[in-house]
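Structure first, then comments.
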Amino acid sequence: MKICDLHTHTTASDGSDSPEELINLARAVGLSAISITDHDTTAGLDAGANRAKEIGLEFIPGVELSVSFPKGNMHLLGYYIDQGSHLLQSVLSRVQAARAERNPRILHRLRQLGMDLHMPELEEMAQGGQIGRPHIARLMVEKGYVRSVKQAFDKYLKKGGPAYAPKSILSPFEAIGTIREAGGVPVLAHPFSLLTKDPEELEGIIDELKDQGLMGLECYYSEHDEGFTALCLSIARRLDLVATGGSDYHGKAKPYIKLGRGKGNLQIPYSCVEAIKAVRDAL
Ligand code: AMP
Ligand code: ZN
Ligand code: FE
Ligand code: FE
């Protein structure tokens, strides 16, 4: 079976592999297509596309936007976005500014909690990529304040945690509209992170997003068990959304997630790519 991975991160955001390294790895693990979907930036796409072209691997430009939502975390993926879209780049600049303003606030809270953490070392960790909480978590591990990235999130950085600071300034409506305006296909990422287990409630939320222009649902995902994957596939079918999938590979930032394989045996059929192309071509 031909497989793909449509959700990955590079050093342009909080992944640890450069775009070139990621594309090389995609070939090594036998993927037929890959999308780079960094958080709130398109900075890794050109390097990824160029390397993919050199080695003859199918590349899908993507992005992952964080949006505000009362419960859990809502992220929207955009596939085949035109990086040159002025609206997209101005929205990304706004979100990036919100990130830049948020990081010192998180470090300030951690200092109040007794940890000696400062922006220059965080910037060095991120090497020019969009800084996110996983960078802060890695710094906390490096300096011995927590044992693992997971512990950093569980004790301090998760939504509602003592060092949490919100950053989402985009509404789901704006994010979906921006992706559509840029010629892209908007997809709801990892539905499990909405922390809504009731199937009817979940379908209701997704149905509302569809009214706003959503076109796909990330059904195959590292944190989805078989039952939840089946639920997502049935919701996608009922709401006529494209079923997509990705591992959310972050390299060393999430060492338990393997490219194209998730936590073990994830398999994302290449037909997901064909389905995304079909709805894009109908736009
Ligand atoms: P940020 O962009 O700063 O909001 O951070 C988002 C990133 O943090 C995403 O890559 C998430 O997968 C990661 N993340 C969120 N919650 C956790 C958690 N509990 N443990 C590990 N990583 C997490
Ligand atoms: Zn991330
Ligand atoms: Fe995400
Ligand atoms: Fe992601």
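Just so you know, ligand 1 is whichever comes first in the structure, and atom 1 is the first atom listed for that ligand. Values reported hereafter were calculated over all heavy atoms of this structure, with side chains retained and with hydrogens, waters and symmetry mates removed.
Screening Lys254, Gln127, Arg138 for a side chain to side chain contact (heavy atoms under 4.5 Å, CB included) with Ser16, the sole residue that qualifies is Arg138. Just one of Leu117, Leu110, Leu139 meets the side chain to side chain contact (heavy atoms under 4.5 Å, CB included) condition when paired with Tyr145; it is Leu117. Checking each of Lys53, Lys277, Lys2 against Glu58 for a salt bridge (Lys or Arg N to Asp or Glu O under 4.0 Å) leaves exactly one that passes, namely Lys277.
The N, O or S atom of His75 with the smallest distance to the Fe ion (ligand 3) is ND1. Counting just the N/O/S atoms of Glu64, the one with the shortest distance to the Fe ion (ligand 3) is named OE2. Here the N, O or S atom of Asp248 that is nearest to the Fe ion (ligand 4) is OD1.
Between the side chains of Ser234 and Glu203, no donor-acceptor pair is found at a separation under 3.5 Å.
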Exercise. Given the rule in the side-chain hydrogen bond (donor to acceptor under 3.5 Å, both in side chains) test, do Ser222 and Asp248 qualify, once you have shown the distances and angles that lead to the verdict?
Worked result: CA-CA 7 Å; Ser222 297; Asp248 213 355; over 6 Å; no
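Around the Fe ion (ligand 4), the two atoms NE2 of His9 and NE2 of His7 are separated by an angle of 110°, to 10 degrees.
Taking the six-membered ring where tryptophan is involved, the planes of His224 and Phe228 are perpendicular, since the angle between them exceeds 60° and thus also 30°. Taking the six-membered ring for Trp and thresholds of 30 and 60 degrees, His75 and His39 have ring planes more than 60 degrees apart, a perpendicular arrangement.
The distance from the Fe ion (ligand 4) to the nearest N/O/S atom of His250 is not under 2.8 Å. Backbone or side-chain N, O or S atoms of His39 do not reach the Fe ion (ligand 4) at under 2.8 Å.
Remark: His108 NE2 is loosely packed, at most 12 non-hydrogen atoms of other residues, nucleotides or ligands lying under 6.0 Å away.
Legend: protein N/O/S atoms lying under 2.8 Å from the Zn ion (ligand 2), waters omitted, number 4.
Using a 4.5 Å cut-off on side-chain heavy atoms (C-beta onward), Leu88 and Ile81 make contact.
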